[in-house]
*Asks:* 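Supplied in structure tokens, the structure appears directly below.
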2 protein chains.
Amino acid sequence: MSANEDPKALAELLWGLRKPPSRGPRPAFDVAQIAETAVQVADAEGLEAVSMQRIAAELGFTKMALYRYVNDKAELIAVMIEAAVGAAPRLSGVAGWRAKLEEYARELSAAWRLHPWLPSVTTGDRVMGPRETAWPESALSALADTPLTEPERLDAIMLVSNHIRATHAAATPGTQIWTDGDAAPIMRDLLLLNADRFPLLATTHATPSATTTQEFGLHAILDGFEHAITQRIPKQ
Amino acid sequence: MSANEDPKALAELLWGLRKPPSRGPRPAFDVAQIAETAVQVADAEGLEAVSMQRIAAELGFTKMALYRYVNDKAELIAVMIEAAVGAAPRLSGVAGWRAKLEEYARELSAAWRLHPWLPSVTTGDRVMGPRETAWPESALSALADTPLTEPERLDAIMLVSNHIRATHAAATPGTQIWTDGDAAPIMRDLLLLNADRFPLLATTHATPSATTTQEFGLHAILDGFEHAITQRIPKQ
DNA sequence: CGTGAACTGTATCTATCGTACACAGTGTCC
DNA sequence: GGACACTGTGTACGATAGATACAGTTCACG
């Protein structure tokens with residue numbers, strides 16, 4: 001998975017700063033169209049099905065024609081993200097930072113449920129497009145009236161979104177603790193076979209009801225925020 | 001990144017259930033040796049430098065010889081994980097669930113700092129080896145004396161480790177919020193340029209001190225656990 | 001109005017990846 | 001002393017991302 005070569009060019013592409021060429025033949029399609037079909041392929045068959053070859057074929061063109069629109073595959077993924085993230089939630093109608101964050105978490109979860117490949121590519125140092133940037137902006141607005149400092153607010157919204165990301169990944173293929181998938185029954189057998197070395201895990205997984213939910217974690221996180229906020233209030 | 005083909009075979013490999021062959025020439029090396037050199041390559045040059053070709057060459061052998069020891073690359077990664085995770089922390093010497101979890105988080109963070117590629121491959125449904133399995137067992141032991149239910153304990157330790165994972169990934173290349181890396185200055189310029197659309201992010205990133213730490217998040221999480229635990233105590 | 005520069009999509013090529021398969025040595029058991 | 005299982009090797013294949021060269025198209029400018 002090659003990294004982006006020229007982040008400045010990517011920024012111009014995502015933020016609509018590309019100067020349209022005057023001379024030359026009309027392009028047969030545009031970046032938005034490419035991104036849309038790539039998103040459809042990823043939604044239907046997973047991100048690993050998205051290759052230059054495949055997307056080009058989907059549009060009825062050669063692979064190398066795509067390189068006229070995106071400089072490399074990292075740029076293709078970037079425009080896919082920008083095309084797939086929906087509109088960031090408007091939290092102004094919700095009262096209180098806690099309800100706002102809960103609403104934000106719900107919306108984020110819903111967006112990622114629509115495009116299961118999205119949480120895996122929205123990590124790491126990268127250039128975000130305007131639509132994606134609106135999401136952390138929205139999350140920050142939830143904490144606007146709290147006494148938290150600005151770095152703390154950043155940490156807070158990252159904590160929430162990372163939790164949603166992790167639990168979402170857990171729901172789809174299973175995660176570090178085995179909820180479902182091919183490996184789950186094998187791990188259960190191994191744990192029961194070695195119950196003397198791993199007694200806690202063995203008893204926990206003896207009951208097959210261990211479905212990881214994101215509710216407990218989200219409540220804990222928000223309770224933690226509440227603790228920090230109420231503790232800070234009398235000082236300020 | 002092809003998925004593992006035969007999780008049962010992988011389980012036998014990781015848990016030492018491989019029957020040693022009697023006939024045939026002596027193997028030139030063993031799986032532990034392969035895993036060790038692969039770990040060294042990953043530590044020095046990143047996980048993307050680990051290919052069958054590269055590891056074989058590092059050992060002075062052909063690429064295809066590796067397939068006598070691991071069935072596919074997923075198995076190679078699996079034995080790398082098992083070789084790289086250190087011993088799980090013994091928390092019996094620490095008093096109180098909160099201090100235990102803090103110690104666990106410290107140890108986990110330290111282990112991942114030693115092998116920066118480790119957090120990215122320890123997700124998803126997969127077969128874990130005994131050394132890695134000891135880690136969640138250790139984490140569960142921290143919550144043994146709490147009134148939390150077993151599914152809640154699982155959720156709790158997943159929340160802690162996922163937080164460490166996310167913040168660790170943030171420290172190394174930068175994450176969703178841009179702390180460092182090639183994209184960071186570009187994003188800052190874009191935010192300041194569009195400060196009207198993203199006022200909160202723009203002001204937050206005007207000060208270049210926004211280094212994401214894992215302390216705030218961890219404290220919030222543990223505060224949340226404390227809330228759940230103290231709330232549960234009178235009932236039980 | 002025509003010509004050249006800029007831009008388009010295409011065809012060909014390379015490098016790297018994981019992995020299947022046939023083969024010739026090598027060591028153990030009957 | 002075979003038979004046989006197991007070893008490492010060489011070759012081959014398909015898929016990947018990407019570079020480069022090329023021929024057709026269209027607009028701007030003289």
Side-chain angles (χ1 to χ4, degrees), chain A residues 1-6 9-10 12-13 18-34 37-38 41-42 45-80 117 121, chain B residues 1-7 9-10 12-13 18-35 37-38 41-42 45-80 117 121:
Chain A
M1 275 304 172
S2 50
N4 184 277
E5 288 291 338
D6 188 351
L10 174 56
E12 291 172 354
L13 176 63
R18 277 271 205 282
K19 38 186 176 184
S22 52
R23 281 166 286 243
R26 296 270 167 70
F29 29 69
D30 54 359
V31 187
Q33 205 172 341
I34 293 172
T37 67
V41 170
E45 307 173 39
L47 190 66
E48 70 278 1
V50 174
S51 70
M52 296 287 148
Q53 204 114 236
R54 175 66 191 279
I55 303 307
E58 208 78 20
L59 291 162
F61 278 78
T62 2
K63 168 184 56 166
M64 291 313 291
L66 284 189
Y67 285 94
R68 299 283 177 190
Y69 299 86
V70 291
N71 285 328
D72 52 20
K73 193 180 180 183
E75 286 201 8
L76 175 63
I77 304 276
V79 296
M80 283 176 64
W117 48 273
V121 291
Chain B
M1 274 305 169
S2 49
N4 182 278
E5 288 291 338
D6 189 352
L10 173 56
E12 291 173 355
L13 175 63
R18 277 272 204 280
K19 36 185 178 184
S22 50
R23 282 169 282 247
R26 297 268 167 72
F29 30 69
D30 55 358
V31 186
Q33 204 172 341
I34 293 172
T37 67
V41 170
E45 306 172 39
L47 189 67
E48 70 279 2
V50 174
S51 69
M52 297 287 148
Q53 202 116 240
R54 175 66 191 279
I55 303 306
E58 209 79 20
L59 291 163
F61 278 77
T62 5
K63 172 181 52 164
M64 292 312 293
L66 283 188
Y67 284 92
R68 300 285 177 193
Y69 299 86
V70 291
N71 284 329
D72 53 18
K73 193 180 180 183
E75 285 201 8
L76 174 63
I77 303 278
V79 296
M80 285 177 63
W117 49 272
V121 291

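If you're wondering where the values come from, they're calculated on a predicted model, not measured in any experiment. Each chain gets a letter, A, B and so on, in the order its sequence line appears, and its residues count up from 1.
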*Asks:* How many whole angstroms separate atom CG of A/Leu76 from atom C1' of D/dG18?
*Replies:* 14 Å
*Asks:* For residues 52-61 of chain B, pull every pair meeting salt bridge (Lys or Arg N to Asp or Glu O under 4.0 Å), keeping only residues two or more places apart or in separate chains.
*Replies:*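 Applying salt bridge (Lys or Arg N to Asp or Glu O under 4.0 Å) to every pair that reaches into residues 52-61 of chain B, excluding sequence neighbours, yields B/Glu45-B/Arg54, B/Arg54-B/Glu58.
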*Asks:* Are B/Val50 and B/Ile55 close enough that some pair of their side-chain heavy atoms sits under 4.5 Å apart?
*Replies:*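 Yes, side chains in contact.
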*Asks:* Could you work out, with side chain to side chain donor-acceptor pair (under 3.5 Å) as the rule, every residue matching B/Asp6, not counting sequence neighbours?
*Replies:*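 Checked B/Asp6 against side chain to side chain donor-acceptor pair (under 3.5 Å); zero matches.
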*Asks:* Taking only N and O in the side chain of A/Tyr67, is any of them less than 4.0 Å away from OP1 or OP2 of D/dG18?
*Replies:*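 Yes, within the criterion.
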*Asks:* Encode nucleotides 7-17 of chain C as B, S and - characters from 5' to 3', where the letter depends on protein heavy atoms closer than 4.0 Å: B to the base, S only to sugar-phosphate, - to neither.
*Replies:* BBBBB-----S
*Asks:* Quick one: side chains of residues 18-34 of chain B, donor-acceptor pairs under 3.5 Å with protein atoms, not counting sequence neighbours, listed by atom name and distance.
*Replies:*
residue, atom, partner, partner atom, Å
B/Arg18, NH1, B/Ala9, O, 3.0
B/Asp30, OD1, B/Gln33, N, 3.2

*Asks:* For residues 61-68 of chain A, please give each side-chain donor-acceptor pair under 3.5 Å, one per line with the distance, not counting sequence neighbours.
*Replies:*
none

*Asks:* Just the rounded figure in Å: distance from P of D/dT16 to CG of A/Leu47.
*Replies:*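 That distance rounds to 13 Å.
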